[in-house]
**Student:** 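I have a structure I would like to understand better, so I am pasting it below and will then ask my questions one at a time.
We count ligands from 1, going down the list as the structure has it; atoms in each ligand are counted the same way. Only a predicted model underlies this, so the values are computations on that prediction, with no experimental measurement involved.
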Amino acid sequence: MFTLRDTVSSLQPARADDLGKTLYERFREEPDSLIIPVLDAEDRPIGLVERNAFFLRMAAEYGRALYANRPISVLMDVEPLVVEADMALAEFTNDSLSYRASDLLRGFIVTDGGRYLGVGTVLALLQAASESNRRALAQLASANETAERAENFMTAVVEAMPSMVFVKRADDHRYVLLNRAGEKTLGMSREEMIGRTDADFYSPEQAEIYAQRDRDLVASGEVRVIEEDLVPRKDGTMAILRTKKIAIFDSEGKAEYLVGVSEDIADRKRAEAQIARLAHYDPLTELPNRVLFQKDLGEALSRRARSGDKLAVHFIDLDRFKSVNDTLGHPLGDALLRIAAERLRGCVRDGDTVARLGGDEFAVVQTGLADLTGATRLAERVVEAMAAPFDLQGHQVMIGASVGVSVAPSDGDDADELLKKADMALYRAKADGRGAFHFFERAMDEELQARRALELDLRRALTAGEFQLYYQPLYHLGDDRVTGCEALLRWNHPDRGMVSPADFIPIAEEIGLIVQLGEWVLRQACAEAATWPDHVRLAVNLSPAQFRDRALVSTVVSALAVSGLPAQRLELEITESVLLQDNVANMSMLHDLKALGVRISMDDFGTGYSSLSYLRSFPFDKIKIDQTFVRDILEDSDAMAIIKAVLDLGSSLGIVTTAEGVETVEQLNALRDQGCAEIQGYFISRPAPASEIARLLGVEARDLRVPEGRQAVLTFAPKEAPAKTSRAKRGVRSAKA
Ligand SMILES: Nc1nc2c(ncn2[C@@H]2O[C@@H]3COP(=O)(O)O[C@H]4[C@@H](O)[C@H](n5cnc6c(=O)[nH]c(N)nc65)O[C@@H]4COP(=O)(O)O[C@H]3[C@H]2O)c(=O)[nH]1
């Protein structure tokens, strides 16, 4: 007996928890699969995903981003028609008149004992019917009236099929059938078509191609697929069809009919083109994305190798984009990126590639250069174009851009290498003050290697016990004694010797090590300070990056509890950048710390924005005047005026003021004359290890005083050899602000 088992083609199913991107890849690799059945863990069918519906969904804006990583169970839109394999075709055709035509046409799932076996398609039904040489139909006919029902069924199905179905006679290639979808696809009625051949509709060349295909089909006896065929419609427009054809043979093996099913793939082609576009273009700016940029750069480099010209890669980063995005919101941030992309397009020549690599990073491939003049000009044009104000719905915004440039062949001839070197040059342009461009130089590579090595060493240093704390006294001029010590971190590198905190703290911030390191400093310093006399406070620097760690307050609580140091003896020094970034959260942490009884100092005052509003926004216990003012106090009347103003401000707000970097008795006396309460600096003592400080504090408690005289009295010799610092100290803790 002819059963549905004979119509099953095995089609690899998907699992409910597979991801959308698995389906996407399968549909692309298997153009024959119109559906993919979805199974549960026990191999039972639970759904179907349709090719066209799926592609349209993935091609929609953000479609891929939305669905690619979702499980297939979310993407199933169709309840499958499930039939058991042993069902007789006769019975199926009987029953099938009650099914929805679309269920059948899309394909139905055939199971064996409830478990998935494969899919049945209408085309497979037709084919199976011919292969069994009408045996099935004859049997059906004998089973009273079933043949007629089967034929009715077949006709109903063929008519309802959304794909074009046509049948020709195998001997003279005359059309004998065209379904409704076929009439629509070709723009021709069946009356016009039936009884004629292709030669009656198409050019002789076209008709001959079709005739040859038909002859091949009969000769091979196999299913043939024409992946993409441009077929003229009656009105002259073109249909894009994918056609599957089979020949149907009679009992003597003579070809009787040629059956074709054509699918109009114009929509699918459009969706695929859209997807290809999404894979290569940035939807926001419509510029090529990183993938296409790298492809274009690779091709441009091959052309360059033949022509011998130079080629430049410009890596462009918008300078203050993040703050625009944060303050004006993402829609205006997007608008800015679109305008920036437009300006960049306006800077380059036709044939050069402008791409958005992501975020606020863009890149340009500039080809056909005889020397570096052209590259310099382009970089200048980009910097200039980005420096002009951006009008964002009435907000005038200035951001600027920095550019790093690498050149082939002098900096390399490989896409990744050139991009990497342009990036290094960009890093330098930013470090040099932004709004500038820089060409790659070999030394940058060496610097980068050195920095990488330092990063690796730094990650290791904490466990290797290479960090140590030094302490520098804070001297109270009114009480004439040391009333506190500031903990200053030292890294004793096994090969490099002492590395300055100005060199390694910014790196620790960048690589995220500062939280761990800062916690070590707090715990170590609290433990050491707990052994000092009760009136001596401990000051500890906090990096803005430590405020990103929501556990900061509990770390402080724990360091105090474990060491037994009273909270009132701990002073935390912050810079104003802590108040600049993520203001609300940081402010609430500062209040929590203050509520513990810990004192909060504003460090390096006078170097940044020094906005008075910061002093009003939080009840600071202390202001530390930056050492640059103290250094100039005797020579520069402006420095003196600023110090006076800060001292007045401190006293009117009831905040203690400390002057940093006091190196001479003249500076000390000048500060004392202005009413400064507290000083810190080499004149009192250089930073020294804990053991020295403990000794000093013991001695000092007995008899050391700073007199009105001329020399330093904390006769304690400077113990610290100065560390080599390659960067200015200023802004060390605000590097990431
Ligand atoms: N020329 C001169 N310099 C003086 C004088 N008196 C003190 N100094 C130096 O000035 C710096 C004062 O620390 P800072 O402003 O908080 O500046 C510190 C601070 O911002 C940061 N830092 C140090 N330790 C830590 C730490 O444990 N955590 C964090 N987050 N930052 C730290 O590194 C910066 C540099 O630290 P150091 O190199 O130890 O440099 C120290 C100190 O050695 C003087 O009379 N003349």
**Student:** For ligand 1, indicate whether the residue Leu469 contacts it via side chain, backbone, both or neither (heavy-atom separation under 4.0 Å).
**Tutor:**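 The answer is neither.
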
**Student:** Could you list which atoms of ligand 1 come closer than 4.0 Å to a heavy atom of Asp604?
**Tutor:**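 Those qualifying, in numeric order: 15 (O).
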
**Student:** If every non-hydrogen atom of Met398 is compared with every non-hydrogen atom of Arg320, which pair is closest and at what distance?
**Tutor:**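 Here Met398 and Arg320 meet closest at O-NE, 3.8 Å.
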
**Student:** Applying a strict 4.0 Å limit to heavy atoms, is Arg631 in contact with ligand 1?
**Tutor:**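 In this structure, Arg631 fails to qualify as a contact of ligand 1 - no heavy atom is under 4.0 Å.
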
**Student:** Relative to ligand 1, is Lys624 under 4.0 angstrom through side chain, backbone, both or neither, heavy atoms considered?
**Tutor:**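 It is neither part, as no heavy atom is under 4.0 Å.
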
**Student:** Using a strict 4.0 Å cut-off to heavy atoms of Pro687, name the atoms of ligand 1 that fall inside it.
**Tutor:**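 Reading through ligand 1 atom by atom, the close ones are 43 (O).
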
**Student:** Counting heavy atoms only, which of Gln680, Gln472, Gln546 comes nearest to atom 6 (N) of ligand 1?
**Tutor:**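 Of the listed residues, Gln472 has the closest heavy atom.
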
**Student:** Indicate, as side chain, backbone, both or neither, the part of Arg686 found under 4.0 angstrom from ligand 1 when only non-hydrogen atoms are considered.
**Tutor:**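 The answer is neither; Arg686 stays 4.0 Å or more away.
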
**Student:** Under 6.0 Å between ring centres: does that hold for Phe362 and His314?
**Tutor:**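 When the ring centroids of Phe362 and His314 are compared, they turn out to be at least 6.0 Å apart.
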
**Student:** Quick one: which of Arg459, Arg452, Arg451 gives a salt bridge (charged side-chain N to carboxylate O under 4.0 Å, His left out) with Glu510?
**Tutor:**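 So, applying the salt bridge (charged side-chain N to carboxylate O under 4.0 Å, His left out) to Glu510 and each of Arg459, Arg452, Arg451, only Arg451 qualifies.
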
**Student:** Between Arg523 and Thr555, do the side chains contain an N or O donor and an N or O acceptor separated by less than 3.5 Å?
**Tutor:**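 Absent: no donor and acceptor within the cut-off.
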
**Student:** Can you see whether Tyr682 has Arg686 sitting over its ring - NZ or CZ less than 6.0 Å from the centre and within 45° of the normal?
**Tutor:**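 Judged by the rule (NZ or CZ under 6.0 Å from the ring centre, within 45° of its axis), Arg686 counts as positioned above Tyr682.
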
**Student:** Any idea which of Ala502, Pro501, Gly518, Gly661 brings a heavy atom closest to atom 38 (O) of ligand 1?
**Tutor:**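 Closest candidate by heavy-atom distance is Pro501.
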
**Student:** Closer than 4.0 Å to some heavy atom of Val521 - which atoms of ligand 1 meet that?
**Tutor:**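 Counting atoms of ligand 1 from 1, those under 4.0 Å from Val521 are 27 (O).
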
**Student:** Hey, which atoms in ligand 1 end up nearer than 4.0 Å to a heavy atom of Glu663?
**Tutor:**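 Matching atoms, with element in brackets: 1 (N), 2 (C), 44 (C), 45 (O), 46 (N).
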
**Student:** Tell me whether Glu417 at atom CD has more than 12 heavy atoms from other residues, nucleotides or ligands lying less than 6.0 Å away.
**Tutor:**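 Enclosed.
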
**Student:** Quick one: does ligand 1 sit under 4.0 Å from the side chain of Asp603, the backbone, both or neither, non-hydrogen atoms only?
**Tutor:**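 Only the side chain of Asp603 comes within reach of ligand 1.
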
**Student:** Any idea which part of Asn541 is under 4.0 Å from ligand 1, heavy-atom wise: side chain, backbone, both or neither?
**Tutor:**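 Near ligand 1, Asn541 shows its backbone as well as its side chain.
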
**Student:** Measure up the Phe467 and Phe504 rings against each other and bin them: parallel (under 30°), tilted (30 to 60°), perpendicular (over 60°).
**Tutor:**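 Ring orientation of Phe467 relative to Phe504: tilted.
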
**Student:** For the residue pair Trp532 and Tyr471, does the interplanar ring angle fall in the parallel (under 30°), tilted (30 to 60°) or perpendicular (over 60°) class?
**Tutor:**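 Perpendicular, since the angle between the ring planes exceeds 60°.
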
